[in-house]
Amino acid sequence: MSETLSQPAKAAAPEAAIPVTRPVRVSRGRLVARRLRRNRLGLAGAAFIVLLFIGAFVSPLFYPWDYRTQDDLALLLPPSPTHWFGTTSLGEDLFAQCMRGLQKSLLIGLLVGVISTGLAAVVGSLAGYFGRATDRGLMWLVDLLLVLPSFLIVAILSPAFRGKSWLLLVLLLSAFNWMISSRIVRGMTLTLREREFVAAARFMDMAAWRIITRHIIPNMASILIIDATIGVAGAILSETALSFFGFGIQPPDVSLGTLISSGTESALTFPWLFDFPAGLLVLTVLAVNFFGDGLRDALDPSACRARGRQGANSGEKRP
Amino acid sequence: MVRFLARRLLNYIALCLLATFLAYALASLTFRPLDQLSMRQPPPPAATIEAKRVELHLDKPIPERFGIWISGVARGDFGKTVASASINDELWRRVGISLRLFLAGTVIGIVAGVLLGVTAAIKQYSIFDHVGTLFSFLVLSTPVFVIGTLLKVAWLPVNQAAGTQLLYFNGESTAGFSGTGWDLVVDHLQHLVLPTIAIAIGQVAVYSRYQRSAMLDVLGSDFLRTARAKGLTRRQALFKHGLRTALIPMATLFAFGFGLLVTGGVFTERIFGWFGMGDWLLVGVQNQDANITATVTLFIAVLVLFAGWLSDVLYAALDPRVRVR
């Protein structure tokens, strides 16, 4: 493989002074893209996510039914060319509702994934870099928040944000989703802190926050990206779970969780009311998980061996 | 070793109290328990509402209210609900119901997950391995409330084909069931099976994935080859030396996996109509009841921390290097 061979060849070139075949320089971005392209499942996941985004945000522009329209003449119709996913007991078009719910779930998932990973990066690197009392205090906070399942806290707080914006739900979900990742970040910071380039920066009297933002966090970028992707899947599941019990997205707005909740009672009699939203949710989360897994293999090949995925890039193992 | 575990226990008790206080304070801040009373038609006189306010200690600051409640708990009295019913009356029945579900789910989840993971690692890249990986991905992407409903839908034809209720979907026992002894056990089991599958299947998915990668790490190690070289059969080497080492990371995972199980328990109880602690939490939030919510939080905190403590003990039992310290 040219990408692994390039390094020793480059080192030898100036001493030998003989024009060896010039190694092809591959930027990290292209390297990752190449590895990602080789992973079929990850690629399929990414393609499906793009498709979902297009479906959720573009289809309402041309689809004849709005998610709020109640058609009294079309109650509980099974799926047909006019109503793609059928209609509900109030005559609402299920496809339009599903797309609206998907919009909410995708946006919430994306925002929560990014925000909570950012929070984890800040808390974890602070705890790891400063150590001592900061470390003990922050990790104790993590322990405390881990004792309470986040579902419980958001459920308790739900009466407070009834009738308020769904962005509040995003903040709440992010506020209770960062703990485990921050422990991982802390562990990595502990090793990074001892590295030469960090020590050099410290001897140059660089401010601590600059060391953290310039040297520590960029060196964990791949882990953070992976973590954010996995976090998106988790956030979508948390949001739908809360909405399922009426603690999340409130009517008249819909989310996949509220749709599944109302479809559950008629899962046997009017199966499409349950099957379509539930299927859509599972496929969405599955696609995000496959993409996250593919991304992990591409960004962090050293993790492959540990996870026993030699097959994914065996070409790089033995040059 | 004993001192280490004792210190951990002390830390856990402090965490427990603080977590319960946090839940109690948040609940007291957001809940408005008097709304139910004041919105009644015809509206009750102001004196009645005021009396309720005093009865619920709403005239006192939140830390003092918590102090009253927790000192009651220390004496074994968990207080009263908004509707003035005693929490103690319902508590132990609900605890029993939830623990039955959690215990069955954990044991089956861990045993099946570990077996599945080990088999997948030994037969890496076989059909079994691929199907197992796909299964874990699929289950991890499916929320418990979908799994529960799917189980119901899938089992209904079986019940109909059998002509009788082989397994039940609703409740933890048949209402008004009068049988004793063996009949009672069978009745409980018939109710237990489907919810246990719903809650255990997620655990199987999590544990099998981690167990597989932990086992793969061990399979390539030198000490396993040494074990074979000294004359152990492959099976003996795998189970005596390999599995034991591969189980160590599982002890840590157990503490996290248990939190997942508890959240899953809330959904499972709701979907299968079990009146356990998870169901009670939802009732507490709906009735704006701080005492019920705090009681459930305390229960969950004790369970999660007990799981954490147990995982420390398991870690020490599995890894002799920890015991030396």
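Protein chains get the first letters and strands the later ones, always in sequence-line order, with residue 1 at the start of each.
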Which distance, rounded to the nearest 0.5 Å, do you find between the [atom1] of [X] and the [atom2] of [Y]?
X: B/Thr263; Y: A/Leu152; atom1: OG1; atom2: CG; answer: 8.5 Å
X: B/Leu26; Y: A/Leu148; atom1: CG; atom2: CG; answer: 8.5 Å
X: A/Asp293; Y: B/Phe137; atom1: CG; atom2: CZ; answer: 3.5 Å

For [X], is it the side chain, the backbone, both or neither that has a heavy atom under 4.5 Å from a heavy atom of chain B?
X: A/Leu146; value: both
X: A/Ile156; value: both
X: A/Leu144; value: both

Start with the C-alpha gap between B/Tyr12 and A/Val147, add the side-chain angles, then the distance that decides, and say whether side-chain contact (heavy atoms from CB on, under 4.5 Å) holds.
CA-CA 9 Å; B/Tyr12 284 161; A/Val147 173; over 6 Å; no

Region of [X] that comes under 4.5 Å of a non-hydrogen atom in chain A:
X: B/Arg270; result: side chain
X: B/Leu298; result: neither
X: B/Tyr210; result: neither
X: B/Leu22; result: side chain

By residue number, those in residues 238-250 of chain A with heavy atoms under 4.5 Å from heavy atoms of chain B are A/Thr240, A/Ala241, A/Phe244, A/Phe245, A/Phe247

Comparing B/Leu140, B/Leu18, B/Val296, B/Val144 against chain A, the one with the most heavy-atom pairs below 4.5 Å turns out to be B/Leu18

Residues at least two apart in sequence or cross-chain that pass salt bridge (charged side-chain N to carboxylate O under 4.0 Å, His left out) with A/Arg40, listed by chain then number, are none

Here the pair of heavy atoms bringing B/Ser141 nearest to A/Leu286 is OG-CD1, 3.2 Å

If you tally heavy-atom pairs under 4.5 Å between each of A/Leu157, A/Leu283, A/Ile236 and chain B, the highest tally belongs to A/Leu157

| query | Got more than 12 heavy atoms from elsewhere within 6.0 Å of CZ, A/Phe48? | reply | yes

| request: Run the numbers on B/Asn11 and A/Trp140 for side-chain contact (heavy atoms from CB on, under 4.5 Å), then give the verdict. | output: CA-CA 10 Å; B/Asn11 183 31; A/Trp140 201 71; 3.2 Å; yes

Kindly list each side-chain donor-acceptor pair under 3.5 angstrom involving residues 149-157 of chain B, sequence neighbours excluded, with atom names and distances?
from: B/Thr149; atom 1: OG1; to: B/Phe145; atom 2: O; distance (Å): 2.8
from: B/Lys152; atom 1: NZ; to: B/Ile271; atom 2: O; distance (Å): 3.0
from: B/Trp155; atom 1: NE1; to: B/Asn159; atom 2: OD1; distance (Å): 3.1

Expected contact set for residues 278-285 of chain B against chain A at heavy-atom separation under 4.5 Å reads B/Leu281, B/Leu282, B/Val285

